[in-house]
Amino acid sequence: MEQIKEQKCQNCGGTMVFDPEKDLLRCEFCGSTIDLSQENPDSGGVAGFDFDSLQESASVPDAEALPIYNCRSCGAEIIAAPEQMTLTCPYCRNNLVMTEKVSGSLRPDGVVPFKFTADRLPSLLQEFYKDKILLPKDFFSAGTMSDITGVYVPFWIFNGDLKGLFTYSGQNTMSHREGDYNVINTAHYILNRDAGVSFRDLPVDVSGKIDDALMDSLEPFDLTEARPFDIGYLAGFAADRFDVPKKDISERAEKRMRNSANAIVDQMAGAGYMNVHRLRGDFSADMKVRYLLLPVYLFSISHNGTDYSFAVNGQTGKVVGNIPTDGKVSRNHFLKRFLIAGGIVALIVLIKYLLGW
Amino acid sequence: MKKILRIISVLLIAGMILASSSVFAEGEDRVLDPGDLFTSSDIESLELSLTELESGFGVKGLLAISTEADRDGLSLADYLEEEAGKRELSQYDAFAFGFDPETEETLLLLFGEAETKAGTYREYITDTAAQYREEYSDWGVLYVPIALMKSVYSRDTGENAGDTALPDQEGSVPSSDSAENAEPLPELKAEDGIRVYDMAGILDPDDITAVEKRIVELAASVKKDIVIYTDTKTYGMDISIAAADLYDFGGFGIGDDNEGLILYVSMDPLDRQWWVCATGDDTMSLYTEYNANILDDILYEDFVSGTYGKGILNWLDGVENLYKKGAPFTPSWYPDLPLPERKNDPSSPRIFDETGTLSADEIAEYTKTAKEISDKYGLDVVVDIVNIDPKFDMGEVEYAETLYRTGGYGFGENYDGLLFTVYPSRGECWIYTSGNGAEGLKEKGHERIIEHSTKKLGEQDVSGAVAEFLSNYGYLRKTGRVKRSLGSWFGSLLLSLGIGGATGGISLAGAKRKMAVPAIATNASAYIVGDSVNIGRVSDDLINISTVRQYSPPYRSSDSSGRPSSGSHHSTSSFSHSYSGHSGTSHSGSGRKF
């Protein structure tokens with residue numbers, strides 16, 4: 001049996017959940033609240049997340065070794081997935097936190113709490129649909145939002161300092177006239193440059209079961225609102241720990257930084273020269289990483305037998321999702337404008353002709 | 001050591017001389033004087049001139065002065081050929097000149113390019129050289145070929161021949177026709193009745209007769225005197241002065257102002273040219289620079305090809321037209337000066353076909369249609385199919401305006417009407433309007449009428465072009481617009497489709513952009529720390545410099561002969577608005593070299 005912790009009201013013993021609207025831990029029965037920002041999170045004297053000492057690959061235990069938890073309220077036995085940090089008892093709806101997954105070297109450095117409840121999702125979705133004029137007409141009204149889940153998604157936040165030495169070729173030309181001839185002199189150069197670029201707070205999601213494209217599209221998060229980690233923030237929400245190999249995530253973060261840094265240095269290194277080409281050189285990266293839990297609402301919409309996944313940034317309200325384009329709507333959109341514009345031009349031509357202009 | 005170095009340098013110089021391509025060592029063997037008739041300074045000065053000629057123009061010269069005794073009985077020709085053969089002059093651009101002081105025989109041999117350039121002047125050079133013996137002695141006889149060869153080559157390259165005076169000689173070398181030595185101008189007398197003086201012998205008897213006859217006709221019709229004078233020289237004067245003096249002192253001209261023209265043709269082989277001298281107020285006012293150029297163009301074509309009689313006759317036709325109508329060449333309908341008083345003449349043809357393309361039935365039909373439009377809208381409708389002659393050189397607008405004014409067209413005090421001119425050879429049409437002729441003819445209507453008729457001209461259908469004009473103009477006056485061609489409607493349809501398609505496409509693309517689905521981020525530009533970007537210059541090393549030369553001559557306007565052109569079909573003459581000869585009488589004139 002693994003260790004779990006329940007968020008219980010000290011007043012009445014009821015279940016406590018985190019209320020994003022009030023930014024407080026609130027008892028669902030008596031309404032008493034706890035301000036987590038005033039509390040000192042108990043780390044148990046153990047150092048937190050250490051990226052450098054993390055193993056390169058995460059192990060994925062097989063099903064037979066899945067941990068079993070006992071609900072303290074009703075005693076039910078509950079099996080949790082390896083990456084789950086929280087779960088809700090399916091019998092008594094008690095919110096449970098697996099403490100061993102949020103302590104020691106697995107303890108997150110911080111959490112950005114949810115800023116709004118799931119009740120706001122329909123209005124956010126409506127705002128999202130406003131300019132999506134090629135959607136099927138019945139997509140929003142007939143489709144249903146299902147599997148709405150508020151999840152604290154694990155992210156590694158990268159700070160990187162990139163440095164490198166580069167060599168380019170470049171040219172300068174000068175021309176003048178000699179009689180009937182244009183004389184063009186081209187000077188060829190080798191340009192040696194050293195370059196450095198720093199990046200801060202690049203988030204990369206480290207949950208293997210959530211689509212990376214969805215998570216990347218939810219950026220940016222305002223990490224200045226990150227709070228020191230307290231399991232109280234997890235009450236009422238799902239939360240997963242990281243379960244993706246460290247090497248994959250590091251490479252992904254580094255690649256994004258290199259792409260941006262290379263673009264900058266290629267643009268600026270040859271200033272004052274023409275036909276500049278890189279001959280050799282690359283960046284080396286010095287990375288520092290934090291582990292944060294960032295708020296995301298996940299849900300899907302079913303339309304014509306297909307499920308479309310959506311994600312909402314639990315801090316900013318930004319909505320992203322896979323949406324279908326209706327072919328008929330697209331055709332009508334094009335035809336309508338084609339006929340209106342073409343018709344106006346034809347009318348003008350006709351009027352000019354009739355008036356003899 | 002010094003001695004050895006001196007010997008080596010002499011040997012080197014000698015080797016260079018021997019290796020040179022010149023058959024003449026420096027200053028030697030260019031002048032042959034077996035009889036020692038010349039002093040050393042005479043020979044030196046001739047050799048210097050020959051050296052200058054070779055260095056300036058690349059032509060080698062050999063001079064020889066010898067009697068039969070000096071030549072051991074050889075003829076001058078054999079002697080000269082032998083000496084030229086010894087020096088292999090036939091391998092070069094060269095000449096050899098020989099003079100026998102006893103017989104006064106002169107001989108000129110030409111080799112290579114010299115034959116091409118100076119061959120036509122051979123007789124002139126040998127005759128002229130002989131003439132200088134009396135005043136400049138035997139030295140002058142040998143010098144003249146050098147001077148004349150220099151003139152020939154200078155003329156060919158356009159360079160200034162420069163000063164031909166030699167050191168240690170008194171005075172300058174006389175030119176062939178200098179004022180100091182010139183013969184006096186011949187005395188012509190108008191009362192003799194002769195008007196063609198062919199001293200140069202360029203006209204055959206039939207030409208002279210035809211020209212004389214033409215001049216008599218011209219004098220009777222326009223009351224102006226014309227004199228034709230040809231010679232091989234200008235008597236030490238500028239040709240314009242010579243022409244003026246011949247005319248003035250010869251008593252030519254008709255009327256108080258001595259109205260008339262003299263054409264002086266100088267056939268000097270080194271400077272062929274002509275000058276036309278105009279006398280009298282009427283003549284001088286008509287003989288403008290523009291008209292002079294046109295008349296000179298006529299002479300130039302025939303003079304260059306050597307058909308002098310034909311050229312003069314054509315020129316006389318232009319002169320007569322100039323006096324009668326104010327321009328050397330005018331359309332057939334152009335009235336004589338003074339222009340008649342402007343009035344509407346119902347008898348003037350409204351369908352005027354200068355080319356004779358339209359049949360009588362077509363002319364009748366179109367005349368009827370034009371009259372219907374005229375009666376209905378109160379303006380004169382005229383069509384002219386132009387027979388353009390390159391010599392007319394009259395712009396389309398000027399042509400139409402002149403025809404309309406002088407043809408008796410237009411209704412009312414504003415001469416209301418329009419003239420449609422068709423140029424079949426050019427495939428062009430023009431519309432000239434007067435008074436209310438422009439009424440209803442907006443820019444678009446004007447453009448479409450021209451477009452329809454031009455299309456017919458493109459199909460070689462002149463009659464169709466006229467029919468289109470009358471039909472479209474009538475329709476325009478009736479409805480306010482001109483029918484558009486099928487091609488024009490099709491173009492508009494394509495435009496509508498294009499704009500519609502572009503609008504629909506752009507809008508759809510914009511809508512699709514908003515439907516973008518989530519994508520994995522590939523860069524981290526939003527996370528760059530603002531002032532952290534640092535690009536440091538370590539070194540910039542120059543590797544090499546490459547050079548490319550592109551031939552790109554600047555645009556030079558020229559006619560087919562390569563001579564710069566003035567932009568029109570006329571070459572340019574020298575022209576003088578006002579000058580005087582020795583009589584003090586004022587003249588104008590123009591001339592050209594050929």
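Throughout, protein chains are lettered first and strands after them, A, B, ... in sequence-line order, and every chain is numbered starting at 1.
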Visitor: Is the A:Phe221 to A:Phe155 ring centre distance short of 6.0 Å?
Guide: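 Ring centroids of A:Phe221 and A:Phe155 are less than 6.0 Å from each other.
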Visitor: Checking heavy atoms, do the side chain of A:Ile340, its backbone, both or neither come under 4.5 Å from chain B?
Guide: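 Neither part, no heavy atoms under 4.5 Å.
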Visitor: With respect to chain B, which residue among A:Val320, A:Ile133, A:Asp131 yields the maximal number of heavy-atom pairs within a distance under 4.5 Å?
Guide: A:Asp131
Visitor: Let's test your reading of the structure: which of A:Gly342, A:Pro220, A:Ala253, A:Ser198 forms the most heavy-atom pairs below 4.5 Å with chain B?
Guide: A:Ser198
Visitor: Given heavy-atom pairs under 4.5 angstrom as the criterion, report whether the side chain, backbone, both or neither of B:Ala519 touches chain A.
Guide: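 Just its backbone gets close to chain A.
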Visitor: Looking at B:Tyr527, does the NZ or CZ of A:Arg200 lie under 6.0 angstrom from its six-membered ring centre and within 45 degrees of the ring axis?
Guide: no
Visitor: Would you check if there is a donor-acceptor pair between the side chains of B:Ser507 and A:Arg337 at a distance under 3.5 Å?
Guide: yes
Visitor: Checking A:Leu162 against chain B: side chain, backbone, both or neither under 4.5 Å from a heavy atom?
Guide: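 When you check distances to chain B, no heavy atom of A:Leu162 falls under 4.5 Å.
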Visitor: Is it the side chain or the backbone of B:Lys514 that comes within 4.5 Å of chain A heavy atoms, both, or neither?
Guide: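 When you check distances to chain A, atoms from both the backbone and side chain of B:Lys514 fall under 4.5 Å.
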Visitor: Would you verify whether the NZ or CZ of A:Lys336 falls within 45 degrees of the ring axis of A:Phe334 while also being under 6.0 Å from that six-membered ring's centre?
Guide: no
Visitor: From the options B:Phe420, B:Trp430, B:Tyr432, select the one residue that forms a ring-ring contact (aromatic ring centres under 6.0 Å, His included) with B:Tyr404.
Guide: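 Going through B:Phe420, B:Trp430, B:Tyr432 one by one, the ring-ring contact (aromatic ring centres under 6.0 Å, His included) with B:Tyr404 is satisfied by B:Tyr432 alone.
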Visitor: Look at A:Ser260, A:Pro324, A:Ala269 and state which one has the largest set of heavy-atom pairs under 4.5 Å with chain B.
Guide: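 Winner by heavy-atom pair count: A:Ser260.
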Visitor: Let me know if A:Ala271 has heavy atoms under 4.5 Å from chain B in its side chain, its backbone, both or neither.
Guide: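 For A:Ala271, backbone heavy atoms alone lie under 4.5 Å from chain B.
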Visitor: Under a 4.5 Å heavy-atom cut-off, does chain B meet the side chain of A:His188, its backbone, both or neither?
Guide: both
Visitor: Can you tell which of A:His333, A:Lys352, A:Gln171 has the highest number of heavy-atom pairs within less than 4.5 Å of chain B?
Guide: A:His333
Visitor: Begin with the C-alpha distance, continue with both residues' side-chain angles, and end with the deciding distance and a verdict on salt bridge (Lys or Arg N to Asp or Glu O under 4.0 Å) for A:Glu219 and A:Arg256.
Guide: CA-CA 14 Å; A:Glu219 294 174 22; A:Arg256 284 181 65 178; 3.1 Å; yes
Visitor: With a 4.5 angstrom heavy-atom cut-off, is it the side chain or the backbone of A:Tyr273 that approaches chain B, or both, or neither?
Guide: side chain
Visitor: Below 4.5 Å from any heavy atom of chain A, which atoms of B:Ser492 appear? Answer side chain, backbone, both or neither.
Guide: side chain
Visitor: Test the B:Lys483-B:Tyr475 pair against the cation-pi criterion, namely NZ or CZ under 6.0 angstrom from the six-membered ring centroid and within 45° of the ring axis.
Guide: yes
Visitor: Could you verify whether a donor N or O on one side chain and an acceptor N or O on the other, from A:Thr167 and A:Asn192, lie under 3.5 Å apart?
Guide: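 Short answer, yes.
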